[in-house]
Number of protein chains: 2
Amino acid sequence: MGPSAVSSDRVLPYRDEHLSIDFDQQVAILDAERMILTRKEYDLLSLLVQHAGEIIPREALLMRVWGYGAEIRTRTLDVHVRRLRKKLGNYADQYIETIFGIGYRFQPFHAPRFFQHPSGKPAEALWA
Amino acid sequence: MGPSAVSSDRVLPYRDEHLSIDFDQQVAILDAERMILTRKEYDLLSLLVQHAGEIIPREALLMRVWGYGAEIRTRTLDVHVRRLRKKLGNYADQYIETIFGIGYRFQPFHAPRFFQHPSGKPAEALWA
DNA sequence: CCGCTTTTTACAAACTATTTACACGTCCGC
DNA sequence: GCGGACGTGTAAATAGTTTGTAAAAAGCGG
């Protein structure tokens, strides 16, 4: 198994008004239509959603989804986030927030959009 | 019993609009015409159909139909899938889906293509 | 041997992933 | 406010991997 294997633990399905994800079957459904995701896209979305509401630093994402260490500098993550957003259609920016200079955060559909950002320390379990 | 012996259990016949298979008699009928299948072709089709709707990883197919272990690298499976598709005529691609990077899946004739494409976790019972 | 099945080989096509290049935004000191 | 430095978004090019296909080689039972 490569670094792409984000998690094999049983995790409760995610579900909100538009999006639902079954982590066991690795199936994401957006407005009743199944999302066609590549492995990396799924892994990335998966990781973000499983930590919905938490900021996940670029480093952590690159580490968990790509197996990259802190040294590596790449735009790959951004490209994949872009593709994910595209597939999330209109809701894209509501779902995936960019936390400038830090990373990304997935927010459930109508989660209160507190101001953005920083001082909220990121999901520690992931990169500590 | 060689590795080709996929199953000797009694299994209920399969049947849909165009295809039916009697697993006891090992006979497959496509639009009222009996399919002429070689042993390997039958074993492969059989295994796929008996797990209709489930993704079966290459490894599992190679294991169950050929007795190959995970180390073995071969295109045999692909060639056999191709022959099967040929014999399935026009319905070929509707019946046998390719799950890129994972394996194959047989779908009953008008199964909701809901579950189309990629990246669902496969039939665990087969390779776990 | 002969005919049929299966496997291998070799290459084409399809698909996914990564990098590159650059436009655009945001931060921050002045 | 202004402007540069740096982060991010995006499209396009490139690389890498998997699958499809045809054809030849190998295997096998009669």
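Taking only side-chain nitrogens and oxygens, A/His80 comes nearer than 4.0 Å to OP1 or OP2 of C/dT18. Proximity of B/Trp66 to the phosphate of C/dT7: a side-chain N or O atom is located under 4.0 Å from OP1 or OP2.
Taking the six-membered ring wherever Trp is involved, the centroid distance between the rings of A/Tyr91 and A/Phe109 falls below 6.0 Å.
Across C/dT19, D/dT8, C/dT9, the shortest atom-to-atom separation from the side chain of B/Arg75 is found for C/dT9. The side chain of B/Tyr104 lies closest to D/dT19, out of C/dT8, D/dT19, C/dT18. Picking from D/dG9, C/dA17, D/dT19 the nucleotide with the shortest atom distance to the side chain of A/Arg83 gives C/dA17. Proximity note for B/Thr38 (side chain, C-beta onward) versus D/dG20, D/dT8, C/dT6: the nearest is C/dT6. Nearest to the side chain of A/Val79, among D/dG20, C/dT7, C/dT20, sits C/dT20. Listed nucleotides: C/dA17, C/dT6, D/dG20. Nearest to the side chain of B/Arg39: C/dT6. Checked against D/dG20, C/dT8, D/dT8, the side chain of A/Thr98 finds its nearest nucleotide in D/dT8. Set against C/dT18, D/dT19, D/dG7, the side chain of B/Arg58 has D/dT19 as its closest nucleotide. You'll find that the side chain of A/Thr76 is closest to C/dT18, out of D/dT8, C/dT18, C/dT7.
What separates CD of B/Glu97 from C1' of C/dA14 is a distance of 16 Å, to the nearest Å. Following rounding to the nearest Å, B/Asp78 (CG) and C/dA12 (P) show an atom-to-atom distance of 17 Å. Look at CD1 on B/Ile72: it is 14 Å from C1' on C/dT6, rounded to the nearest Å. Distance A/Ile96 CD1 to D/dT10 P: 11 Å, rounded to the nearest Å. The separation between A/Ile102 atom CD1 and D/dC6 atom C1' is 15 Å, rounded to whole Å. Summarising the geometry, the separation between CZ on B/Phe100 and P on C/dA13 is reported as 16 Å, rounded to the nearest angstrom. Protein atom CG of A/Asp93 is 15 Å distant from nucleotide atom P of D/dT8, rounded to whole Å. Between B/Leu62 atom CG and D/dT19 atom P the separation is 11 Å, expressed in whole Å.
Contact annotation: the side chain of B/Arg83 never approaches that of B/Thr38 to less than 4.5 Å [non-hydrogen atoms, C-beta and beyond]. Contact check for B/Glu41 versus B/Ile36: no side-chain heavy atoms found under the 4.5 Å cut-off. Residues A/Gln94 and A/Gln107 have side chains not in contact (no heavy-atom distance under 4.5 Å, counting atoms from C-beta outward).
A/Lys40 contributes no side-chain N or O that, together with a main-chain N or O of A/His80, makes up a donor-acceptor pair within less than 3.5 Å.
Of the two residues near DNA chain D, A/Gly101 and A/Lys86, the one whose nearest nucleotide lies more 5' is A/Gly101. Comparing B/Leu77 and A/Arg73 along DNA chain C, the residue whose closest nucleotide (by nearest heavy atom) sits nearer the 5' end is B/Leu77.
Heavy-atom contacts from other residues, nucleotides or ligands closer than 6.0 Å to CD of B/Glu17 number more than 12.
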